[in-house]
Amino acid sequence: MKVEFFLLDADCIKEGERTLIRLFGKTYEGSNVVALFEHEPYFYVLAENPQQAKGEIEDLLETEKVKIKRIDKIKRDLKGEKREFLKVFCQLPQDTQKIRDSIKKLEKKRGGSGSVIEEYEYTISPYRRFLLDEKIDGSCWVEVEGEPLQTRLKADFAIAGKKIKAVEKLKLPPLKLLSFDIETYEQQGRKNIIMLSLWGKDFKKVLTYQKEDFQPWVEVVNDEKQLLEKFVEIINQYDPDILVSFNGDSFDFPVIQERASQKKVKLTLSRDREEMKFTRRARISSARIKGRIHIDLFNFINNILSPNLQTEVLSLDAVSGELLGDKKIEMDYQELLEAWQKKKDLCKLTEYCLKDSELTFKLAHLLLPQILEMSKTVGQLPFDISRMTYGQLAEWYLTRKAVEMQKIIPNQPKWEDIKKRKTFTYAGGFVKEPLAGLHENIAVLDFRSLYPSIIATFNISPETLNCSCGRENSYQVPGTDYWFCKKEKGFVSSTVEELIQKRAELKQRMKKTEKDSLEHKILDTRQLSLKIVANAIYGMFAFAGAKWYCRECAESCAAFGRFFIKQTIQEAEKEGLTVVYADTDSCFIKNPFPDKELSKEVDKFLNHINSKLPGILELELQGTYKRGIFIPRETAPGTAKKRYALIDKNDNLLIRGLETVRRDWCNLAKQLQRKVLTYILKDKKVDEAIQYVRNTIEKLRKKEIPLKDLTIYEQLTKPLSTYKQIGPHVAAAQKMLRRGKKVSEGMLVMFAITSGKGSISERAEPVEDITIQDIDENYYVENQIVPAALRVLQVLKVTRDKLLGESLF
DNA sequence: AGGTGCTGCTTACCT
DNA sequence: ACAGGTAAGCAGCACCTG
């Protein structure tokens, strides 16, 4: 029989002495299908003398009574050279690692006797190996040929697969999406689940175990045990393909698992009818539900989206506020406790709980296309993709390419290697000190994808570095002793080149489609995936934990980058243009000719520069602005880099680096600085700005400013006990700890400065423990409002005394 | 005891 | 568990002054 299905999930199991790959999928009609494939895990061995090594390995495994299937000899590319490898086929899932450990004894470099040099690819998990070798992407359609099979798995039918291939198909099958969320109540340090909500298309439910006159979507059960049982029942009945949570990996599922084990409830949520498991990852474990895709949106938002978000906090409330324009129902923890303990307003609590699931569902609806597209681009399962960082996405993309091109994948560095790598640093981008003060008519030019373009243009790749062609016949890296081959294309560089080309094609196709059409949207998510991967590769070169680590490559990218931005500045000045500022790949120019039009001068300059630039390097116009301000440094003489504000012809502000965009400044000071910038940049209304500051101070002194606008956010970047210096956020966190609250590494401390005795730190209090009455207005005037305002106003010669109206004149 | 000025720890930003 | 370049606040300390 032959079946076509959309791949959802895959894993590997041991059945007797066999290794089986399980593919879980969905047919176009919506049937659940499982395909099982026999699989032989394998890894590669590089040896001085492959024939001799083969014998030695066989003898060694014989004496250690380790079973393998066979050893083949095979040619593979290692760092640009074709070499002969031994391909060792194993029997069971973990055998590649185990057998590799045995063979390690034959490595000469470890003092062994044999001719083995190194082993490769022994850590790639079997299901990933299978997908890589069969050229199957993370979320794509496959066609499987095989025999029908009886299984105990939760599927409409199963198939013992013989053949598999990926098929190109645009449409998705009917996928069922379900989101969930829990509310907990802490008692003697133990979390109890008091409520659980679920949200799907035409489905909403809240489970709880206290009675009231509830909405019809609330189901009252007897107790927590029954709540958990009901949860399992609903999952199996509704049978979602994608289960979505917000923080499910680190909160909901750990709590659910803990309570389920306490109450002896079996958490059989998976389609393999086994209990839910956590798979270990770097920082936190992930809750894996076999056969379904558990997407924890927090991971994706935190790893991929957060740099592009405005919000200070990555809470469900803040993120959905920004992305959906919808917020949680307002209810603080105290209210929640009271609702539960005193049965007060329990209805509101059910609505609150349900709303969380609704928001999670809607966020999933918005973000899932990007996750699935990314999964297709990178070629890993959506479960894995949704939890990856930029570096990991780049690495798995390269891994897939390497397998395609029969190249050996470099080994993950050992811990000592990582430590050693971290000791090397190199020079990065060039930053020009800005011309001080206000400027009119600024054009911002920047290099399109500077580092990816450099990698592609100059063939920057680990194997092309300092090639045998010699310096003179190659691309020489300015200001360094490195060069890159002009003859043979490198692996990483050609991959980046392909990414850029594919993206350009997609952008062309996008131009031919309607802006609001589905096709346009699909093309857009696809080009964004390619952009993310391409941009991550430079960082990956310099990342000590990366398989394709190459410090010289990263260093060369930066060196070329510095060369071209400096050249651009020089050329601009030669053409009589004023360069106000430059940072890494951008250049701010001002038109010094009052009689000439800026846009024409810019066009002329861009044409001039682009005709000289090599390869695919291109300088483009990012935008024009009618006015901009650059601010003096606080701590040293001169003008500050990376801190400025621009205003365009529609009076839109672009603010970078200033207090306005920093979360460790209170909202009041940030909003005030934005207002001052608007007054100044729009029409230089200095007096109005001063008046505004004075009014704000007055409001503050009258306690008319809410506490939330005085809150400062700062992250604990390490364990609380390891701080050498107790700053305000650390002091506030210490107080939280003493008051019995949970304090953890990575958490965002929300605090405000109160009046009283001692240093600022001593007066920093967690906001949850204080009211507006406790606030030290003087601190907020002197350390927040005045500095934020003066930063801008000092450019217009406003002094502190003038600002506060304390001057006698 | 209280002020002053420097250094280093720390965070968050820019590209 | 992504890089280097940069600004800036506050603690902590040495030192000075009276």
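Here is how names work: the chains are called A, B, and so on, in the same order as the sequence lines, proteins then strands, and each is numbered from 1. Computed from a predicted model, the values in this text were never measured in an experiment.
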E121(A) and R128(A): CA distance, side-chain angles, deciding distance, salt bridge (Lys or Arg N to Asp or Glu O under 4.0 Å) verdict: CA-CA 11 Å; E121(A) 303 193 17; R128(A) 287 189 161 137; over 6 Å; no
According to a strict under-4.0 Å criterion, is [X] in side-chain N/O contact with OP1 or OP2 of [N]?
{"X": "T425(A)", "N": "dG4(C)", "result": "no"}
{"X": "K422(A)", "N": "dA3(C)", "result": "no"}
{"X": "H729(A)", "N": "dT10(B)", "result": "no"}
{"X": "Q392(A)", "N": "dA1(C)", "result": "no"}

Among pairs that include at least one residue of residues 451-461 of chain A, which meet side chain to side chain donor-acceptor pair (under 3.5 Å), considering only residues two or more places apart or in two chains? N459(A)-S493(A), S461(A)-E463(A)
Side chain to side chain donor-acceptor pair (under 3.5 Å) contacts touching residues 410-422 of chain A (sequence neighbours left out):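 Matches after skipping sequence neighbours: none remain.
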Options dC14(B), dG4(C), dC2(C), nucleotide nearest the side-chain atoms of R656(A):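 The answer is dC14(B).
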Between dG5(C), dC13(B), dA3(C), spot the one nearest the side chain of A427(A), thanks.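 When the side chain of A427(A) is considered, dG5(C) is the closest of dG5(C), dC13(B), dA3(C).
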Restricting to ring pair (Phe, Tyr, Trp, His ring centres under 6.0 Å), what partner residues turn up for F251(A), sequence neighbours left out?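 Here no residue qualifies.
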Are D776(A) and T754(A) close enough that some pair of their side-chain heavy atoms sits under 4.5 Å apart?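 Contact flag for D776(A)/T754(A) side chains = no.
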Roughly, in whole Å, what's the span from [atom1] in [X] to [atom2] in [N]?
{"X": "L720(A)", "N": "dT10(B)", "atom1": "CG", "atom2": "P", "answer": "12 Å"}
{"X": "L393(A)", "N": "dA1(C)", "atom1": "CG", "atom2": "P", "answer": "17 Å"}
{"X": "Y538(A)", "N": "dG4(C)", "atom1": "OH", "atom2": "C1'", "answer": "6 Å"}
{"X": "W396(A)", "N": "dC2(C)", "atom1": "CH2", "atom2": "C1'", "answer": "18 Å"}
{"X": "E433(A)", "N": "dG5(C)", "atom1": "CD", "atom2": "P", "answer": "17 Å"}
{"X": "L309(A)", "N": "dC13(B)", "atom1": "CG", "atom2": "P", "answer": "12 Å"}
{"X": "R551(A)", "N": "dG4(C)", "atom1": "CZ", "atom2": "P", "answer": "10 Å"}
{"X": "K757(A)", "N": "dA1(B)", "atom1": "NZ", "atom2": "P", "answer": "14 Å"}

What pair of heavy atoms forms the shortest contact from L737(A) to V743(A), and how long is it?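 Looking at all heavy atoms of both residues, the shortest contact is N-CG2, 3.8 Å.
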[X] near the nucleic acid: base, sugar-phosphate alone, or nothing, with a heavy-atom cut-off under 4.0 Å?
{"X": "Y581(A)", "answer": "nothing"}
{"X": "K432(A)", "answer": "nothing"}
{"X": "G657(A)", "answer": "sugar-phosphate"}
{"X": "Y426(A)", "answer": "sugar-phosphate"}
{"X": "V730(A)", "answer": "nothing"}
{"X": "G428(A)", "answer": "sugar-phosphate"}

In residues 741-748 of chain A, which residues come under 4.0 Å of DNA chain B by heavy atom?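 DNA chain B contact set from residues 741-748 of chain A: none.
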Side-chain donor/acceptor of S375(A) to backbone N/O of I371(A), under 3.5 Å: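 The answer is no, because no donor-acceptor pair under 3.5 Å joins these two groups.
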Assign a letter to each nucleotide of nucleotides 6-15 of chain C from its 5' end: B, base within under 4.0 Å of a protein heavy atom; S, sugar-phosphate only; -, no contact. SSSSBBS---
If one requires at least 3 consecutive Watson-Crick or G-U pairs with distances under 3.5 Å, the stems of DNA chain C turn out to be B:1-15 with C:3-17
Quick one: side chain to side chain contact (heavy atoms under 4.5 Å, CB included) partners of [X], sequence neighbours excluded?
{"X": "A582(A)", "answer": "K432(A), I565(A), I569(A)"}
{"X": "E714(A)", "answer": "D664(A), I712(A), H729(A), F751(A)"}
{"X": "E762(A)", "answer": "S759(A)"}
{"X": "E555(A)", "answer": "Y426(A), Y482(A), R551(A)"}

Any pair with a residue in residues 540-559 of chain A that passes ring pair (Phe, Tyr, Trp, His ring centres under 6.0 Å), sequence neighbours left out, goes on the list, sorted by first then second residue, please.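 Matches after skipping sequence neighbours: F491(A)-W548(A).
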Taking only residues two or more places apart in sequence or in another chain, which ones pass salt bridge (Lys or Arg N to Asp or Glu O under 4.0 Å) with R288(A)?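 Here the qualifying residues are D9(A).
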